[in-house]
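Letters go in sequence order (proteins before strands), and every chain restarts at 1. Small disclaimer: the values here were computed from a predicted structure and weren't measured.
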There are 2 protein chains.
Amino acid sequence: MTDTTEPGRRRADARRNQRSLLDAAAAVFVASGVEAPVRDIAAAAGVGVGTVYRHFPTRADLVVAVYRHQVEACAEAGPVCLAEGPTPYAALTRWIDSFVDLLVTKHGLAAALRADSGQFDALHSYFVDRLVPVCADLLAAAAEAGEIRRDVDAYQLLRGVGNLCIGADSDPRYDARRLVGLLLAGLRSPD
Amino acid sequence: MTDTTEPGRRRADARRNQRSLLDAAAAVFVASGVEAPVRDIAAAAGVGVGTVYRHFPTRADLVVAVYRHQVEACAEAGPVCLAEGPTPYAALTRWIDSFVDLLVTKHGLAAALRADSGQFDALHSYFVDRLVPVCADLLAAAAEAGEIRRDVDAYQLLRGVGNLCIGADSDPRYDARRLVGLLLAGLRSPD
DNA sequence: AACCATACGGAACGCTGTTCCGCTTAACAA
DNA sequence: TTGTTAAGCGGAACAGCGTTCCGTATGGTT
(Lines give C-alpha, C1' and ligand atoms only; values in the text may rest on other atoms or scores of the structure.)
Protein backbone atom coordinates (compact mmCIF):
# COMPACT_ATOMS: atom_id res chain seq x y z
CA MET A 1 0.00 0.00 0.00
CA THR A 2 1.56 3.30 -1.11
CA ASP A 3 1.32 5.81 1.68
CA THR A 4 -0.57 8.78 0.30
CA THR A 5 -0.41 10.43 3.70
CA GLU A 6 3.14 11.80 3.56
CA PRO A 7 3.26 15.53 2.62
CA GLY A 8 5.15 14.98 -0.69
CA ARG A 9 5.44 17.65 -3.41
CA ARG A 10 1.91 17.46 -4.71
CA ARG A 11 -0.36 20.17 -5.94
CA ALA A 12 -1.57 22.69 -3.36
CA ASP A 13 -5.26 21.86 -3.83
CA ALA A 14 -4.45 18.16 -3.41
CA ARG A 15 -2.76 18.78 -0.07
CA ARG A 16 -5.60 21.02 1.04
CA ASN A 17 -8.21 18.43 0.10
CA GLN A 18 -6.34 15.67 1.89
CA ARG A 19 -6.39 17.75 5.06
CA SER A 20 -10.10 18.53 4.70
CA LEU A 21 -10.75 14.86 4.11
CA LEU A 22 -8.90 13.74 7.22
CA ASP A 23 -10.59 16.39 9.37
CA ALA A 24 -14.02 15.66 7.93
CA ALA A 25 -13.56 11.91 8.31
CA ALA A 26 -12.52 12.28 11.94
CA ALA A 27 -15.61 14.38 12.64
CA VAL A 28 -17.97 12.05 10.78
CA PHE A 29 -16.50 8.98 12.48
CA VAL A 30 -17.19 10.54 15.86
CA ALA A 31 -20.73 11.45 14.89
CA SER A 32 -21.78 8.39 12.89
CA GLY A 33 -19.18 5.72 13.54
CA VAL A 34 -16.40 4.27 11.44
CA GLU A 35 -18.84 2.65 9.02
CA ALA A 36 -20.21 5.99 7.84
CA PRO A 37 -20.75 6.12 4.06
CA VAL A 38 -17.91 7.48 1.96
CA ARG A 39 -20.36 9.91 0.36
CA ASP A 40 -21.05 11.48 3.76
CA ILE A 41 -17.36 12.03 4.35
CA ALA A 42 -16.90 13.48 0.88
CA ALA A 43 -19.83 15.83 1.45
CA ALA A 44 -18.52 16.90 4.87
CA ALA A 45 -15.18 17.72 3.28
CA GLY A 46 -16.87 19.61 0.43
CA VAL A 47 -15.35 17.26 -2.11
CA GLY A 48 -16.48 14.65 -4.66
CA VAL A 49 -16.23 10.93 -3.97
CA GLY A 50 -13.62 10.60 -6.69
CA THR A 51 -11.32 12.82 -4.67
CA VAL A 52 -11.69 10.59 -1.64
CA TYR A 53 -10.49 7.60 -3.65
CA ARG A 54 -7.69 9.57 -5.22
CA HIS A 55 -6.21 10.15 -1.77
CA PHE A 56 -7.23 6.91 -0.09
CA PRO A 57 -7.45 3.85 -2.35
CA THR A 58 -10.07 2.31 -0.09
CA ARG A 59 -12.23 3.23 2.88
CA ALA A 60 -9.95 1.21 5.11
CA ASP A 61 -6.97 3.36 4.17
CA LEU A 62 -8.87 6.45 5.20
CA VAL A 63 -9.71 4.89 8.54
CA VAL A 64 -6.08 3.90 9.05
CA ALA A 65 -4.94 7.43 8.24
CA VAL A 66 -7.40 8.95 10.71
CA TYR A 67 -6.36 6.70 13.59
CA ARG A 68 -2.69 6.30 12.76
CA HIS A 69 -1.54 8.70 15.47
CA GLN A 70 -3.56 6.99 18.18
CA VAL A 71 -2.44 3.52 17.18
CA GLU A 72 1.12 4.79 17.15
CA ALA A 73 0.69 6.25 20.62
CA CYS A 74 -0.75 2.98 21.87
CA ALA A 75 2.17 1.05 20.42
CA GLU A 76 4.68 3.36 22.05
CA ALA A 77 2.89 3.07 25.37
CA GLY A 78 3.84 -0.61 25.56
CA PRO A 79 7.47 -0.27 26.63
CA VAL A 80 6.51 2.64 28.87
CA CYS A 81 3.99 0.51 30.74
CA LEU A 82 6.60 -2.18 31.15
CA ALA A 83 9.12 0.28 32.54
CA GLU A 84 6.64 1.79 34.95
CA GLY A 85 5.83 -1.60 36.42
CA PRO A 86 5.25 -2.52 39.13
CA THR A 87 5.16 -5.98 37.52
CA PRO A 88 5.00 -7.13 33.89
CA TYR A 89 1.45 -8.41 34.42
CA ALA A 90 0.34 -5.05 35.78
CA ALA A 91 1.96 -3.41 32.77
CA LEU A 92 0.17 -5.81 30.43
CA THR A 93 -3.24 -5.09 31.94
CA ARG A 94 -2.63 -1.36 31.83
CA TRP A 95 -1.54 -1.52 28.21
CA ILE A 96 -4.49 -3.68 27.21
CA ASP A 97 -6.72 -1.15 28.96
CA SER A 98 -5.39 1.59 26.75
CA PHE A 99 -5.95 -0.61 23.72
CA VAL A 100 -9.53 -1.20 24.80
CA ASP A 101 -9.97 2.54 25.26
CA LEU A 102 -8.81 3.09 21.72
CA LEU A 103 -11.35 0.61 20.37
CA VAL A 104 -14.33 1.44 22.55
CA THR A 105 -14.00 5.19 22.13
CA LYS A 106 -14.38 5.09 18.34
CA HIS A 107 -17.78 3.77 17.33
CA GLY A 108 -17.51 0.62 15.31
CA LEU A 109 -13.71 0.51 15.13
CA ALA A 110 -13.58 -2.88 16.81
CA ALA A 111 -16.10 -4.32 14.40
CA ALA A 112 -14.10 -3.00 11.48
CA LEU A 113 -11.00 -4.72 12.82
CA ARG A 114 -12.18 -8.28 12.34
CA ALA A 115 -10.22 -10.02 9.64
CA ASP A 116 -13.09 -11.46 7.64
CA SER A 117 -14.49 -8.04 6.86
CA GLY A 118 -13.57 -8.29 3.19
CA GLN A 119 -12.96 -4.58 2.96
CA PHE A 120 -11.03 -3.22 5.95
CA ASP A 121 -8.16 -5.63 5.31
CA ALA A 122 -5.70 -2.77 5.36
CA LEU A 123 -7.02 -1.67 8.74
CA HIS A 124 -6.61 -5.12 10.18
CA SER A 125 -3.09 -5.51 8.83
CA TYR A 126 -1.99 -2.17 10.16
CA PHE A 127 -3.22 -2.86 13.67
CA VAL A 128 -1.67 -6.31 13.66
CA ASP A 129 1.70 -5.20 12.30
CA ARG A 130 2.02 -2.37 14.75
CA LEU A 131 0.56 -3.80 17.94
CA VAL A 132 1.23 -7.54 17.95
CA PRO A 133 4.98 -7.14 18.54
CA VAL A 134 4.33 -4.75 21.42
CA CYS A 135 1.87 -7.14 22.99
CA ALA A 136 4.27 -10.04 22.46
CA ASP A 137 6.95 -8.26 24.47
CA LEU A 138 4.58 -7.62 27.36
CA LEU A 139 3.39 -11.22 27.32
CA ALA A 140 6.92 -12.57 27.24
CA ALA A 141 7.93 -10.40 30.18
CA ALA A 142 4.93 -11.49 32.23
CA ALA A 143 5.52 -15.13 31.35
CA GLU A 144 9.19 -14.81 32.23
CA ALA A 145 8.21 -13.39 35.60
CA GLY A 146 5.97 -16.42 36.11
CA GLU A 147 2.88 -14.23 36.39
CA ILE A 148 0.95 -15.79 33.49
CA ARG A 149 0.92 -19.01 31.49
CA ARG A 150 3.54 -19.26 28.77
CA ASP A 151 1.34 -20.54 25.96
CA VAL A 152 -0.52 -17.37 25.07
CA ASP A 153 -0.08 -15.97 21.57
CA ALA A 154 0.00 -12.18 21.21
CA TYR A 155 -1.99 -12.19 17.98
CA GLN A 156 -4.71 -14.33 19.48
CA LEU A 157 -4.92 -12.24 22.63
CA LEU A 158 -5.23 -9.02 20.66
CA ARG A 159 -7.86 -10.48 18.37
CA GLY A 160 -9.73 -11.78 21.37
CA VAL A 161 -9.66 -8.41 23.08
CA GLY A 162 -10.63 -6.70 19.84
CA ASN A 163 -13.55 -9.07 19.42
CA LEU A 164 -14.70 -8.51 22.97
CA CYS A 165 -14.89 -4.79 22.23
CA ILE A 166 -17.29 -5.21 19.31
CA GLY A 167 -20.58 -3.52 19.99
CA ALA A 168 -19.34 -2.12 23.30
CA ASP A 169 -20.95 1.13 22.33
CA SER A 170 -24.61 0.70 21.28
CA ASP A 171 -25.37 -1.92 23.95
CA PRO A 172 -25.74 -0.65 27.51
CA ARG A 173 -26.09 -4.16 28.88
CA TYR A 174 -22.65 -5.10 27.64
CA ASP A 175 -19.41 -4.02 29.30
CA ALA A 176 -16.41 -4.89 27.18
CA ARG A 177 -13.90 -3.72 29.78
CA ARG A 178 -15.28 -6.13 32.30
CA LEU A 179 -15.01 -9.13 29.98
CA VAL A 180 -11.51 -8.14 28.94
CA GLY A 181 -10.67 -8.06 32.62
CA LEU A 182 -11.95 -11.59 33.03
CA LEU A 183 -9.97 -12.74 30.00
CA LEU A 184 -6.81 -11.23 31.46
CA ALA A 185 -7.57 -12.89 34.78
CA GLY A 186 -7.78 -16.16 32.85
CA LEU A 187 -4.18 -15.71 31.72
CA ARG A 188 -3.08 -16.35 35.29
CA SER A 189 -4.46 -19.88 35.33
CA PRO A 190 -1.75 -22.60 35.34
CA ASP A 191 -0.47 -23.99 32.04
CA MET B 1 -42.89 -11.32 14.70
CA THR B 2 -45.56 -13.67 13.30
CA ASP B 3 -44.19 -17.14 13.06
CA THR B 4 -44.56 -18.19 9.43
CA THR B 5 -42.82 -21.45 10.25
CA GLU B 6 -45.73 -23.36 11.76
CA PRO B 7 -47.47 -25.70 9.28
CA GLY B 8 -50.84 -23.86 9.24
CA ARG B 9 -53.50 -24.49 6.59
CA ARG B 10 -51.81 -22.67 3.78
CA ARG B 11 -51.78 -23.53 0.11
CA ALA B 12 -49.85 -26.62 -0.92
CA ASP B 13 -47.35 -24.74 -3.10
CA ALA B 14 -46.70 -22.32 -0.25
CA ARG B 15 -45.81 -25.16 2.11
CA ARG B 16 -43.65 -26.79 -0.55
CA ASN B 17 -41.79 -23.55 -1.24
CA GLN B 18 -41.20 -22.94 2.46
CA ARG B 19 -39.59 -26.36 2.72
CA SER B 20 -37.42 -25.80 -0.37
CA LEU B 21 -36.41 -22.45 1.04
CA LEU B 22 -35.32 -23.85 4.39
CA ASP B 23 -33.40 -26.70 2.75
CA ALA B 24 -31.79 -24.41 0.21
CA ALA B 25 -30.87 -21.85 2.86
CA ALA B 26 -29.28 -24.50 5.05
CA ALA B 27 -27.20 -25.73 2.11
CA VAL B 28 -26.19 -22.24 0.99
CA PHE B 29 -25.26 -21.23 4.55
CA VAL B 30 -22.94 -24.22 4.78
CA ALA B 31 -21.37 -23.43 1.43
CA SER B 32 -21.16 -19.63 1.55
CA GLY B 33 -21.84 -18.62 5.14
CA VAL B 34 -24.79 -17.01 6.85
CA GLU B 35 -24.29 -13.73 5.03
CA ALA B 36 -24.99 -15.27 1.63
CA PRO B 37 -27.15 -13.03 -0.59
CA VAL B 38 -30.90 -13.62 -0.49
CA ARG B 39 -30.88 -13.96 -4.28
CA ASP B 40 -28.55 -16.93 -4.02
CA ILE B 41 -30.88 -18.68 -1.61
CA ALA B 42 -33.89 -17.92 -3.78
CA ALA B 43 -32.08 -19.31 -6.82
CA ALA B 44 -30.99 -22.44 -4.94
CA ALA B 45 -34.60 -23.03 -3.96
CA GLY B 46 -35.80 -22.40 -7.50
CA VAL B 47 -37.93 -19.51 -6.34
CA GLY B 48 -38.15 -15.75 -6.81
CA VAL B 49 -36.91 -13.31 -4.17
CA GLY B 50 -40.46 -12.17 -3.53
CA THR B 51 -41.31 -15.65 -2.33
CA VAL B 52 -38.46 -15.57 0.17
CA TYR B 53 -39.84 -12.41 1.73
CA ARG B 54 -43.39 -13.77 1.70
CA HIS B 55 -42.27 -16.58 3.99
CA PHE B 56 -39.58 -14.79 5.99
CA PRO B 57 -40.14 -11.06 6.54
CA THR B 58 -36.41 -10.48 6.75
CA ARG B 59 -33.15 -12.34 6.20
CA ALA B 60 -32.73 -12.68 9.94
CA ASP B 61 -36.01 -14.57 10.24
CA LEU B 62 -34.79 -17.05 7.66
CA VAL B 63 -31.56 -17.56 9.59
CA VAL B 64 -33.49 -18.05 12.81
CA ALA B 65 -35.75 -20.61 11.14
CA VAL B 66 -32.79 -22.57 9.80
CA TYR B 67 -30.99 -22.76 13.13
CA ARG B 68 -34.00 -22.94 15.46
CA HIS B 69 -33.60 -26.67 16.09
CA GLN B 70 -29.94 -26.39 16.99
CA VAL B 71 -30.47 -23.44 19.29
CA GLU B 72 -33.29 -25.34 20.93
CA ALA B 73 -31.06 -28.36 21.39
CA CYS B 74 -28.36 -26.18 22.91
CA ALA B 75 -30.85 -24.63 25.31
CA GLU B 76 -32.10 -28.02 26.40
CA ALA B 77 -28.55 -29.25 26.92
CA GLY B 78 -28.13 -26.76 29.77
CA PRO B 79 -30.02 -28.60 32.50
CA VAL B 80 -28.62 -31.89 31.23
CA CYS B 81 -25.05 -30.68 31.64
CA LEU B 82 -25.88 -29.50 35.13
CA ALA B 83 -27.35 -32.88 36.05
CA GLU B 84 -24.40 -34.78 34.64
CA GLY B 85 -21.97 -32.80 36.76
CA PRO B 86 -19.51 -33.50 38.17
CA THR B 87 -19.60 -29.88 39.36
CA PRO B 88 -21.62 -26.85 38.21
CA TYR B 89 -18.47 -25.23 36.82
CA ALA B 90 -17.68 -28.34 34.78
CA ALA B 91 -21.25 -28.28 33.51
CA LEU B 92 -20.92 -24.61 32.62
CA THR B 93 -17.74 -25.13 30.62
CA ARG B 94 -19.22 -28.11 28.82
CA TRP B 95 -22.36 -26.19 27.95
CA ILE B 96 -20.40 -23.15 26.75
CA ASP B 97 -18.34 -25.53 24.62
CA SER B 98 -21.49 -26.71 22.89
CA PHE B 99 -22.54 -23.11 22.38
CA VAL B 100 -19.18 -22.34 20.84
CA ASP B 101 -19.54 -25.37 18.59
CA LEU B 102 -22.87 -24.05 17.39
CA LEU B 103 -21.35 -20.68 16.50
CA VAL B 104 -18.05 -21.80 15.05
CA THR B 105 -19.55 -24.53 12.89
CA LYS B 106 -21.79 -22.15 10.93
CA HIS B 107 -19.75 -19.66 8.95
CA GLY B 108 -20.48 -16.13 10.02
CA LEU B 109 -23.19 -16.94 12.55
CA ALA B 110 -21.26 -15.34 15.39
CA ALA B 111 -20.75 -12.17 13.40
CA ALA B 112 -24.45 -12.02 12.62
CA LEU B 113 -25.24 -12.28 16.30
CA ARG B 114 -23.80 -8.96 17.35
CA ALA B 115 -26.50 -6.57 18.40
CA ASP B 116 -25.48 -3.54 16.39
CA SER B 117 -25.94 -5.38 13.11
CA GLY B 118 -28.98 -3.31 12.17
CA GLN B 119 -30.54 -6.18 10.30
CA PHE B 120 -30.24 -9.48 12.20
CA ASP B 121 -31.99 -7.99 15.22
CA ALA B 122 -34.45 -10.89 15.22
CA LEU B 123 -31.57 -13.36 15.29
CA HIS B 124 -29.96 -11.62 18.23
CA SER B 125 -33.20 -11.46 20.19
CA TYR B 126 -33.97 -15.11 19.62
CA PHE B 127 -30.58 -16.28 20.83
CA VAL B 128 -30.75 -14.02 23.85
CA ASP B 129 -34.28 -14.98 24.85
CA ARG B 130 -33.63 -18.66 24.55
CA LEU B 131 -30.09 -19.03 25.88
CA VAL B 132 -29.56 -16.33 28.51
CA PRO B 133 -31.88 -17.97 31.07
CA VAL B 134 -30.14 -21.30 30.57
CA CYS B 135 -26.75 -19.71 31.05
CA ALA B 136 -27.99 -17.81 34.07
CA ASP B 137 -28.98 -21.06 35.79
CA LEU B 138 -25.58 -22.59 35.17
CA LEU B 139 -23.82 -19.46 36.44
CA ALA B 140 -25.97 -19.32 39.53
CA ALA B 141 -25.28 -22.96 40.35
CA ALA B 142 -21.54 -22.52 39.90
CA ALA B 143 -21.57 -19.37 42.00
CA GLU B 144 -23.60 -21.08 44.70
CA ALA B 145 -21.05 -23.87 44.79
CA GLY B 146 -18.36 -21.23 45.27
CA GLU B 147 -16.60 -22.26 42.05
CA ILE B 148 -16.78 -18.87 40.32
CA ARG B 149 -17.26 -15.22 41.23
CA ARG B 150 -20.83 -14.16 41.87
CA ASP B 151 -20.84 -10.96 39.83
CA VAL B 152 -20.99 -12.41 36.34
CA ASP B 153 -23.99 -11.56 34.20
CA ALA B 154 -25.30 -14.29 31.89
CA TYR B 155 -26.08 -11.89 29.05
CA GLN B 156 -22.61 -10.40 29.17
CA LEU B 157 -20.93 -13.77 29.30
CA LEU B 158 -22.87 -15.05 26.29
CA ARG B 159 -22.17 -11.90 24.33
CA GLY B 160 -18.53 -12.15 25.24
CA VAL B 161 -18.33 -15.76 24.13
CA GLY B 162 -20.27 -14.93 20.97
CA ASN B 163 -17.90 -12.10 20.19
CA LEU B 164 -14.87 -14.29 20.75
CA CYS B 165 -16.23 -16.67 18.12
CA ILE B 166 -16.39 -14.01 15.42
CA GLY B 167 -14.09 -14.85 12.56
CA ALA B 168 -13.11 -18.17 14.11
CA ASP B 169 -13.47 -19.69 10.68
CA SER B 170 -11.53 -17.78 8.01
CA ASP B 171 -8.54 -17.11 10.28
CA PRO B 172 -6.23 -20.06 10.94
CA ARG B 173 -4.13 -18.03 13.39
CA TYR B 174 -7.12 -17.50 15.64
CA ASP B 175 -8.54 -20.17 17.96
CA ALA B 176 -11.81 -19.05 19.49
CA ARG B 177 -12.13 -22.12 21.70
CA ARG B 178 -8.85 -21.35 23.36
CA LEU B 179 -9.80 -17.78 24.21
CA VAL B 180 -13.19 -18.85 25.47
CA GLY B 181 -11.33 -21.30 27.69
CA LEU B 182 -9.23 -18.44 29.07
CA LEU B 183 -12.32 -16.33 29.66
CA LEU B 184 -13.95 -19.17 31.58
CA ALA B 185 -10.78 -19.61 33.59
CA GLY B 186 -11.05 -15.94 34.43
CA LEU B 187 -14.42 -16.57 36.05
CA ARG B 188 -12.63 -18.42 38.82
CA SER B 189 -10.72 -15.36 39.95
CA PRO B 190 -11.88 -13.99 43.33
CA ASP B 191 -14.62 -11.31 43.45
C1' DA C 1 0.31 33.49 -22.06
C1' DA C 2 0.29 28.93 -23.18
C1' DC C 3 0.84 24.27 -21.95
C1' DC C 4 -0.22 19.86 -19.62
C1' DA C 5 0.25 16.62 -15.95
C1' DT C 6 -2.21 16.52 -11.90
C1' DA C 7 -6.41 16.54 -9.63
C1' DC C 8 -11.33 17.15 -9.43
C1' DG C 9 -16.58 16.00 -9.54
C1' DG C 10 -20.08 13.14 -9.95
C1' DA C 11 -22.42 9.95 -13.12
C1' DA C 12 -22.27 5.12 -13.58
C1' DC C 13 -21.39 0.20 -12.20
C1' DG C 14 -22.16 -3.84 -9.53
C1' DC C 15 -23.54 -5.46 -5.32
C1' DT C 16 -26.56 -5.56 -1.32
C1' DG C 17 -31.60 -6.08 1.30
C1' DT C 18 -36.25 -5.06 0.55
C1' DT C 19 -40.74 -3.62 -1.69
C1' DC C 20 -44.24 -3.70 -5.08
C1' DC C 21 -47.48 -5.27 -8.29
C1' DG C 22 -49.29 -7.70 -12.43
C1' DC C 23 -49.92 -12.43 -13.29
C1' DT C 24 -50.64 -17.37 -11.99
C1' DT C 25 -52.77 -21.01 -9.71
C1' DA C 26 -54.56 -23.87 -5.87
C1' DA C 27 -58.76 -24.48 -3.57
C1' DC C 28 -63.38 -24.55 -3.27
C1' DA C 29 -68.39 -24.01 -4.80
C1' DA C 30 -71.85 -24.77 -8.10
C1' DT D 1 -66.38 -29.80 -15.05
C1' DT D 2 -66.14 -25.26 -14.89
C1' DG D 3 -65.98 -20.56 -12.71
C1' DT D 4 -64.53 -17.59 -9.16
C1' DT D 5 -61.26 -15.68 -6.14
C1' DA D 6 -57.96 -14.93 -2.71
C1' DA D 7 -53.43 -16.70 -1.74
C1' DG D 8 -49.15 -16.94 -3.68
C1' DC D 9 -45.55 -16.18 -7.12
C1' DG D 10 -41.69 -13.95 -9.93
C1' DG D 11 -38.76 -10.60 -10.85
C1' DA D 12 -38.45 -5.72 -12.09
C1' DA D 13 -37.65 -1.75 -9.43
C1' DC D 14 -35.94 1.04 -5.44
C1' DA D 15 -32.63 2.71 -2.12
C1' DG D 16 -28.05 2.59 -0.32
C1' DC D 17 -23.49 0.79 -0.28
C1' DG D 18 -18.17 0.81 -2.03
C1' DT D 19 -15.74 1.64 -6.00
C1' DT D 20 -14.43 2.98 -10.93
C1' DC D 21 -14.19 5.93 -14.83
C1' DC D 22 -13.63 9.76 -17.54
C1' DG D 23 -14.64 14.49 -19.30
C1' DT D 24 -13.43 18.80 -17.31
C1' DA D 25 -10.86 22.22 -14.61
C1' DT D 26 -6.71 24.05 -12.72
C1' DG D 27 -1.95 24.75 -10.19
C1' DG D 28 2.69 24.83 -11.59
C1' DT D 29 5.97 25.56 -15.04
C1' DT D 30 8.10 27.31 -19.11
Side-chain angles (χ1 to χ4, degrees), chain A residues 1-2 4-22 24-25 28-29 32-65 108 111-112 116-124, chain B residues 1-2 4-21 24-25 28-29 32-65 108 111-112 116-123:
Chain A
M1 178 184 56
T2 14
T4 48
T5 302
E6 51 197 346
R9 279 274 146 261
R10 300 165 348 205
R11 257 166 58 170
D13 55 349
R15 259 176 327 215
R16 206 179 331 121
N17 279 329
Q18 169 135 328
R19 252 211 126 74
S20 312
L21 235 14
L22 281 172
V28 171
F29 289 167
S32 321
V34 178
E35 318 229 25
V38 174
R39 281 165 179 82
D40 289 2
I41 298 162
V47 140
V49 278
T51 303
V52 178
Y53 284 94
R54 166 160 309 276
H55 289 283
F56 306 98
T58 197
R59 267 184 82 266
D61 296 300
L62 176 54
V63 176
V64 170
D116 65 324
S117 280
Q119 56 193 176
F120 286 126
D121 279 349
L123 184 61
H124 184 259
Chain B
M1 176 184 56
T2 14
T4 48
T5 302
E6 53 197 344
R9 281 271 147 266
R10 293 161 318 135
R11 260 168 55 170
D13 55 349
R15 259 174 324 207
R16 204 177 334 120
N17 278 330
Q18 169 136 329
R19 251 214 127 69
S20 311
L21 235 14
V28 171
F29 288 168
S32 320
V34 179
E35 317 228 26
V38 175
R39 282 164 179 82
D40 289 1
I41 298 162
V47 140
V49 279
T51 302
V52 178
Y53 283 94
R54 166 162 307 276
H55 290 283
F56 306 97
T58 196
R59 268 183 83 264
D61 295 300
L62 177 54
V63 177
V64 169
D116 65 324
S117 281
Q119 59 195 172
F120 288 125
D121 279 350
L123 184 61

Below the 4.0 Å mark, does dT18(C) have OP1 or OP2 next to a side-chain nitrogen or oxygen of T58(B)?
yes
Distance check: side-chain N/O of N17(A) vs OP1/OP2 of dC8(C), anything under 4.0 Å?
yes
Integer-rounded Å distance: dG17(C) C1' and D121(B) CG
14 Å
Side chain of D13(A) only, heavy atoms from C-beta on: which candidate in dC9(D), dT19(D), dG27(D) is closest?
dG27(D)
Can you tell me how far the OG atom of S20(A) sits from the CD1 atom of I41(A), to the nearest 0.5 Å?
13.5 Å
Determine the contact category for A36(B): base if any of its heavy atoms lies under 4.0 Å from a base atom, sugar-phosphate if only primed atoms, P, OP1 or OP2 are that close, otherwise nothing.
sugar-phosphate
Nearest-Å distance for atom pair CZ/P, residues R16(A) and dG27(D)
7 Å
Are H55(B) and dC9(D) close enough that a side-chain N or O sits under 4.0 Å from OP1 or OP2?
yes
Judged by each residue's nearest nucleotide on DNA chain C, which is more toward the 5′ side, A14(A) or R59(B)?
A14(A)
Picking from dA26(C), dG8(D), dC17(D), which would you name as closest to the side chain of R10(B)?
dG8(D)
Minimum side-chain heavy-atom gap R10(B)-H55(B) below 4.5 Å:
yes
Ignoring hydrogens and angles, tell me if any N or O in the side chain of R59(B) forms a donor-acceptor pair with the backbone of V34(B) under 3.5 Å.
yes
Between P of dT19(D) and CD1 of I41(A), the distance in whole Å:
11 Å
Between C1' of dG22(C) and CZ of R54(B), the distance in whole Å:
13 Å
About how many Å separate CG of L21(A) and CZ of R16(A), when rounded to the nearest 0.5 Å?
13.0 Å
Nearest-angstrom distance from the residue atom CD of E35(B) to P of dC15(C)
17 Å
State which of dG17(C), dA7(C), dT19(D) makes the closest approach to the side chain of Y53(B).
dG17(C)
Classify the side chain of R11(B) and the base of dA7(D) as holding, or not holding, a donor-acceptor pair under 3.5 Å.
yes
Once you round it to whole Å, what is the distance between P of dC8(C) and CZ of R19(A)?
15 Å
Taking only side-chain nitrogens and oxygens of T51(B), does any of them come within less than 4.0 Å of OP1 or OP2 of dG10(D)?
yes
Provide a list of protein-nucleic acid N or O atom pairs under 3.5 angstrom, restricted to nucleotides 12-15 of chain D.
from: dA13(D); atom 1: N6; to: R39(B); atom 2: NH2; distance (Å): 3.1

Any idea which heavy atoms bring L123(A) and A112(A) closest together, and the distance?
CD2-CB, 3.7 Å
D61(B) side chain to T58(B) backbone, donor-acceptor under 3.5 Å
yes
Could you walk me through whether F29(A) and E35(A) pass the side-chain contact (heavy atoms from CB on, under 4.5 Å) check?
CA-CA 8 Å; F29(A) 289 167; E35(A) 318 229 25; over 6 Å; no
Round to the nearest Å and state the distance from F56(B) atom CZ to dG8(D) atom P.
13 Å
Tell me: CG of L21(B) to C1' of dG8(D), nearest whole Å?
13 Å
Name the residue closer to the 5' end of DNA chain D, choosing between G46(B) and D40(A) according to the nucleotide with the nearest heavy atom.
G46(B)
Interatomic spacing from OG1 in T51(B) to CZ in F56(B) - rounded to 0.5 Å:
11.5 Å
